[in-house]
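Everything below concerns the one structure shown next.
These values consider heavy atoms only, across backbone and side chains, with no hydrogens, waters or symmetry-generated copies.
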Amino acid sequence: MKFENLVIIDHPLIKHKLTYVRDKNTPKKEFKELVDEIAMLMAYEITKDFPIEEVEIETPVCKTKSWVVSGKKVVLVPILRAGLGMVDGILKLMPSARVGHIGIYRDPKTVKPITYYFKIPTDCEDRDFILIDPMLATGGSAIEAARILKESGVRNIKFMCLIAAPEGVEAFTKAHPDIKIYTAALDERLNEKKYIVPGLGDAGDRLFGTK
Ligand SMILES: O=P(O)(O)OC[C@H]1O[C@H](OP(=O)(O)OP(=O)(O)O)[C@H](O)[C@@H]1O
Ligand SMILES: O=c1cc[nH]c(=O)[nH]1
Ligand SMILES: [Mg+2]
């Protein structure tokens with residue numbers, strides 16, 4: 001199945017680290033460190049199209065022209081809880097990025113998204129937003145998060161996850177054809193409990209040791 005606006009970030013280090021993230025025997029500490037590292041590696045790829053502008057500086061030797069990233073600061077928006085496991089890794093690459101938060105969990109019975117928190121910087125019109133969540137399963141949470149961001153005036157959004165299910169990619173693309181999805185892996189399917197197969201289990205519970 002070909003998805004137009006899906007970018008699978010194929011890098012040996014990402015593939016290697018994802019193996020240990022998936023492994024049920026990987027303990028919480030290593031799981032969290034690996035999720036952080038993969039997010040940082042992915043951020044390198046996702047920011048390849050960042051605008052830059054020329055500036056004049058002076059080195060200890062002479063004046064010279066060089067470049068800086070231009071435009072307003074990017075805003076990272078992790079979807080709580082599991083999205084929190086990816087933010088620090090991305091911030092290592094862009095320490096001045098702003099951070100918003102959207103709290104959403106899937107109703108255990110209906111798997112429908114329930115939003116319980118929302119806060120982003122006020123001046124959001126011409127900022128680039130990166131919506132972050134390790135898992136894109138049915139797509140419900142990410143679709144709702146993107147809808148709320150758009151409702152708040154956000155215009156430029158990218159979605160970043162570690163593992164995506166075809167069902168989630170399809171649903172998200174239908175709901176938000178304008179938002180590119182960046183993932184480290186496209187898995188097989190969802191099981192009857194709407195968990196990603198083979199996936200990595202429950203990302204939030206593994207990050208925070210809540211199960
Ligand atoms: O694509 P979906 O079907 O919406 O599933 C994906 C969502 O499910 C998980 O969150 P969960 O509801 O477990 O909350 P948590 O992150 O707080 O654990 C995961 O972190 C995603 O946010
Ligand atoms: O596989 C899945 C699906 C939804 N949420 C998770 O944390 N993992
Ligand atoms: Mg969870």
Side-chain angles (χ1 to χ4, degrees), residues 1-9 18 21-26 28 31-32 34-36 38-39 42 76-87 90 99-120 129-152 154 157-211:
M1 213 184 291
K2 182 87 187 77
F3 297 107
E4 284 318 303
N5 69 334
L6 174 71
V7 177
I8 300 175
I9 300 179
L18 199 55
V21 163
R22 290 180 186 278
D23 188 326
K24 67 177 173 44
N25 299 317
T26 299
K28 182 172 84 72
F31 181 87
K32 190 161 183 340
L34 288 163
V35 166
D36 225 35
I38 297 171
M42 290 180 70
L76 309 177
V77 184
I79 298 176
L80 307 183
R81 297 175 300 166
L84 289 175
M86 298 173 67
V87 183
I90 304 168
V99 182
H101 295 90
I102 302 182
I104 297 182
Y105 69 92
R106 300 196 309 181
D107 178 284
K109 289 194 195 58
T110 66
V111 295
K112 289 282 167 262
I114 295 171
T115 303
Y116 57 88
Y117 186 80
F118 178 69
K119 188 167 182 66
I120 61 169
F129 277 65
I130 304 178
L131 183 60
I132 303 161
D133 196 327
M135 312 305 275
L136 181 65
T138 66
S141 307
I143 289 169
E144 177 59 8
R147 188 192 65 75
I148 300 172
L149 285 178
K150 287 181 176 178
E151 205 177 47
S152 312
V154 177
I157 305 172
K158 289 177 180 169
F159 177 69
M160 173 183 187
C161 61
L162 297 186
I163 302 181
E167 297 89 331
V169 175
E170 203 142 354
F172 188 90
T173 306
K174 201 153 161 273
H176 300 289
D178 56 312
I179 300 179
K180 231 178 190 178
I181 303 168
Y182 293 84
T183 187
L186 176 63
D187 274 17
E188 276 165 45
R189 60 185 169 81
L190 297 177
N191 66 13
E192 66 296 336
K193 285 191 291 193
K194 303 296 179 198
Y195 271 79
I196 302 176
V197 177
L200 52 73
D202 188 295
D205 291 335
R206 290 192 69 181
L207 278 168
F208 303 108
T210 40
K211 203 164 268 173

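Side chain of R22 to backbone of G199: a donor-acceptor contact under 3.5 angstrom is found. Using a distance-only test at 3.5 Å, with no hydrogens or angles considered, no donor-acceptor pair links the side chain of D187 to the main chain of R189. At least one donor-acceptor pair under 3.5 Å links the side chain of N191 to the backbone N or O of Y195.
Atom CG of L131 is separated from atom SG of C161 by 10.0 Å, given to the nearest 0.5 angstrom. The OG1 atom of T210 lies 3.5 Å from the CG atom of D205; values are rounded to the nearest 0.5 Å.
The closest side-chain heavy-atom distance from K180 to V7 is below 4.5 Å. Side-chain atoms of M160 and T183, non-hydrogen and from C-beta on, never get closer than 4.5 Å to each other. Contact check for L186 versus F3: side-chain heavy atoms found under the 4.5 Å cut-off. In this structure the side chain of L200 reaches within 4.5 angstrom of the side chain of F31, judged on heavy atoms. Side-chain contact between T26 and L34 is present, with heavy atoms from C-beta onward closer than 4.5 Å. For the pair L84/L207, no side-chain contact is recorded, criterion being any heavy-atom separation below 4.5 Å from C-beta on. At a threshold of 4.5 Å between non-hydrogen side-chain atoms, the residues M42 and L162 count as touching. Using a 4.5 Å heavy-atom threshold, the side chains of I163 and L136 count as separate.
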Start with the C-alpha distance between I104 and I114, add both sets of side-chain angles, then the distance that settles side chain to side chain contact (heavy atoms under 4.5 Å, CB included), and finish with yes or no. CA-CA 5 Å; I104 297 182; I114 295 171; 5.8 Å; no
Applying side chain to side chain contact (heavy atoms under 4.5 Å, CB included), run through I196 and M135 and close with a yes or a no. CA-CA 8 Å; I196 302 176; M135 312 305 275; 3.7 Å; yes
Test side chain to side chain contact (heavy atoms under 4.5 Å, CB included) on Y116 and L80; report intermediate values, then the result. CA-CA 9 Å; Y116 57 88; L80 307 183; 3.4 Å; yes
Could you go through the side chain to side chain contact (heavy atoms under 4.5 Å, CB included) check for V154 and I157 one step at a time? CA-CA 7 Å; V154 177; I157 305 172; 3.5 Å; yes
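A search for salt bridge (Lys or Arg N to Asp or Glu O under 4.0 Å) contacts involving R206 returns nothing, not counting sequence neighbours. K194 meets the side chain to side chain contact (heavy atoms under 4.5 Å, CB included) test with R106, V111, T138, L190; sequence neighbours excluded. With sequence neighbours left out, the salt bridge (Lys or Arg N to Asp or Glu O under 4.0 Å) criterion links K32 to no other residue. Residues satisfying the salt bridge (Lys or Arg N to Asp or Glu O under 4.0 Å) criterion with D178, sequence neighbours excluded, are K150. With sequence neighbours left out, K193 forms a salt bridge (Lys or Arg N to Asp or Glu O under 4.0 Å) with no residue at all.
The heavy-atom pair separating V35 from G85 by the smallest distance is CG1-O, 3.4 Å. Scanning all heavy atoms of the two residues, the minimum distance from P134 to G83 falls at CD-N, 3.7 Å. Residue A165 comes nearest to A137 through the heavy atom pair CB-O, 3.8 Å, listed as atom of the first residue, atom of the second, then distance. When all heavy atoms of K28 and F208 are compared, the pair lying nearest together is CD-C, 3.9 Å.
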Indicate every side-chain donor-acceptor pair of residues 140-149 with a distance under 3.5 Å to a residue at least two apart or in another chain.
| unit_1 | atom_1 | unit_2 | atom_2 | d |
| --- | --- | --- | --- | --- |
| E144 | OE1 | R147 | NE | 3.0 |
| E144 | OE2 | R147 | NH2 | 2.8 |
| R147 | NH1 | E151 | OE2 | 2.9 |

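Taking the ring centroids of F159 and F172, they lie under the 6.0 Å cut-off.
M86 pairs with exactly one of I130, D36, I132 by the side-chain contact (heavy atoms from CB on, under 4.5 Å) rule, that one being I132.
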